[in-house]
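First the proteins, then the strands, lettered A, B, ... as listed; each starts at 1.
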2 protein chains.
Amino acid sequence: MSTPNPKTKRNKVIRVPERGHYDRNIIYPIVDEALIGHVGFVMDEQPIVIPTLIARDSDYILLHGSEASRMMRHMATGAPVCITVTHTDALILARSAFHHSVNYRSAMLFGTGEKVEEPEEKMRLTALFMEKLIPQRWDDSRIPNEKELKATMIVRVYIEQASAKIRNAGVKDDAEDLGLPYWAGILPIQTVYGPAINDELLPSHIPIPEYVRSYGR
Amino acid sequence: MSTPNPKTKRNKVIRVPERGHYDRNIIYPIVDEALIGHVGFVMDEQPIVIPTLIARDSDYILLHGSEASRMMRHMATGAPVCITVTHTDALILARSAFHHSVNYRSAMLFGTGEKVEEPEEKMRLTALFMEKLIPQRWDDSRIPNEKELKATMIVRVYIEQASAKIRNAGVKDDAEDLGLPYWAGILPIQTVYGPAINDELLPSHIPIPEYVRSYGR
């Protein structure tokens, strides 16, 4: 069951509206594939955009950072936030300069932040955060002690509204340009992970775990 | 010769200040490697972050889009803008959950936009924009006609201030955790381009150009 996501002035895709999507079942997989989001907020009328690790928990985005972080403290005030994630999937080379394009999947999330104070809930969300970023790692690492948990701020941003924008198509040239002697096509873009490199201080008997070897998003 | 870039409250890196850089010779290569930037601006007190293709021309960031684009029209008003680019280079897996990290290079650029009106200058900047995104493509495609040039808005954002933040290091575990039986190391992240796919309508005698085959950033 997907939470309703009303389309209003704030989240409406204006340019190329047929690329816009408002179904959380389409938006959330785009969010979940991302390691980082670009978090936009306003301080003294100045827009600020900061990249940070993100993880989604139902209709919330979890952010973590230092208790001393300007961004985290600002998020904790409940100020309005826009978190955007983007995957660039291909360059589209058309015969005409004008029709060059990019295949991409992006999601814009609008909401407000709230600091998680309760230690047990912080620990639960810290575990969930890591599980989303690197599945199986939480059980294969030392979990935070009390001091580390205190130094970490967890903010959850309720996703009030969202939209996705997707281009997933080939070359769209004007008919009269199809005979031009220029190459046209798709140049795929991929993110690849690995091969993993052992820490210099790692004892030689500890192998690279399968969840690291096969890591992908 | 690099333009001075004063460090003030706006662009100062607060968290982990030793990761902060203010030299345009360090900041600009991070910008130039990026295809897209995340453009932050404020409308009706709401922060909005939109991904878009970017290209740098000296101390300006060029943005292009439709004359009908909400973002482009807002940029053209000279409203304050923050453009952020981010490269995630590796996941850092420490023995403790707390010391997990990411190697990254990000740049935050603060400035104000200005619409380029003059047709010859628009054509020059459109060529430069494409040359930065796909070197050698401008001379190997049909350049925009008058109608296409009119439909395209070019905004240049003067980079008043900027900062970069870089983490490029290995695992940093606490000494007392080094004997723990968990794997620790670096999982590199790379962006790869290609192999290129011909447009379905491409005549078979047109080969994939070398600048496409060898494309990288």
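- In this structure, Arg142(A) does not pair ionically with Asp173(B), as no charged nitrogen and carboxylate oxygen lie closer than 4.0 Å.
- With a 4.5 Å cut-off on non-hydrogen atoms, Tyr215(B) touches chain A through its side chain but not through its backbone.
- Leu149(B) contributes atom CG, which lies 9.5 Å from atom CZ of Phe98(A) (distance to the nearest 0.5 angstrom).
- Chosen from Pro188(B), Gly185(B), Gly65(B), the residue pairing most often with chain A at heavy-atom distances under 4.5 Å is Pro188(B).
- Of all heavy-atom pairs between Phe110(A) and Pro47(B), the closest is CE2-O, 3.8 Å.
- A donor and an acceptor atom, one from each side chain of Trp183(B) and Asn198(A), are located under 3.5 Å apart.
- Residues Val212(A) and Leu93(B) have side chains in contact (heavy-atom distance under 4.5 Å, counting atoms from C-beta outward).
- The residue among Val192(B), Ile206(B), Asp177(B) with the most heavy atom pairs within less than 4.5 Å of chain A is Val192(B).
- When the candidates Glu200(A), Arg70(A), His64(A), Met43(A) are compared by the number of heavy-atom contacts under 4.5 Å with chain B, Arg70(A) comes out ahead.
- In this structure, OH on Tyr193(B) lies 5.0 Å from CD1 on Ile189(A), to the nearest 0.5 angstrom.
- Closest non-hydrogen pair, Ser106(B) versus Pro51(A), comes out as CB-CG, 3.9 Å.
- In this structure, the side chain of Thr84(B) engages the main chain of Val49(A) through a donor-acceptor pair within 3.5 Å.
- Residue contact with chain A, scored on non-hydrogen atoms closer than 4.5 Å, involves the backbone and the side chain of Ile208(B) alike.
- The most heavy-atom pairs under 4.5 Å with chain A, out of Ala94(B), Ala79(B), Gly170(B), come from Ala94(B).
- Summarising the geometry of Tyr182(A) relative to Ser141(B), their closest heavy-atom pair is CE1-C, 3.4 Å, with the distance given to 0.1 Å.
- Counting heavy atoms from C-beta outward, His38(A) and Val39(B) have side chains that stay 4.5 Å or more apart.
- Proximity of Arg95(A) to Leu201(B): side-chain heavy atoms (C-beta onward) are separated by under 4.5 Å at one or more points.
- For a residue to count as touching a neighbouring chain, one of its non-hydrogen atoms must lie under 4.5 Å from one of that chain's; by this rule Glu45(A) touches chain B with the backbone only.
- When heavy atoms are compared at a cutoff of 4.5 Å, Arg10(A) approaches chain B by way of both its backbone and its side chain.
- For the pair Ile36(A)/Thr88(B), a side-chain contact is recorded, criterion being any heavy-atom separation below 4.5 Å from C-beta on.
- Within the 4.5 angstrom heavy-atom criterion, atoms from both the backbone and the side chain of Asp140(A) approach chain B.
- Looking only at heavy-atom pairs under 4.5 Å with chain A, the residue among Val171(B), Leu202(B), Thr152(B) that has the most is Leu202(B).
- Taking CG from Leu35(B) and OG1 from Thr86(A), the interatomic distance works out to 12.0 Å, rounded to the nearest 0.5 Å.
- By the neighbour-count criterion of 12 heavy atoms within 6.0 Å, atom CD of Glu176(A) is densely surrounded, having more than that number from other residues, nucleotides or ligands.
- Listed options Pro203(A), Gly40(A), Gly194(A) were ranked by heavy-atom pairs under 4.5 angstrom with chain B; first place goes to Gly194(A).
- A salt bridge between Lys9(A) and Asp44(B) is present, with a side-chain N of the basic residue lying under 4.0 Å from a carboxylate O of the acidic one.
- Across all their heavy atoms, Ile134(A) and His100(B) have their closest contact at CD1-CD2, 4.0 Å.
- Proximity to chain B is limited to the side chain of Asp174(A), based on heavy atoms less than 4.5 angstrom apart.
- With contacts defined as side-chain heavy-atom distances shorter than 4.5 Å, the pair Thr191(A)/Gln190(B) does not qualify.
- Residues Met108(A) and Ile48(B) meet the side-chain proximity criterion, which asks for heavy atoms closer than 4.5 Å.
- Counting all heavy atoms, side chain and backbone alike, Gln46(A) lies closest to Pro80(B) at OE1-CB, 4.1 Å.
- Contact of Leu91(B) with chain A is made through the side chain alone, with heavy-atom distances under 4.5 Å.
- Around the CD atom of Glu120(A), the shell of radius 6.0 Å holds no more than 12 heavy atoms that belong to other residues, nucleotides or ligands.
- Residue contact with chain B, scored on non-hydrogen atoms closer than 4.5 Å, is absent for Val16(A).
- Between Pro144(B) and Ser96(A), every side-chain heavy-atom pair lies at or beyond the 4.5 Å cut-off.
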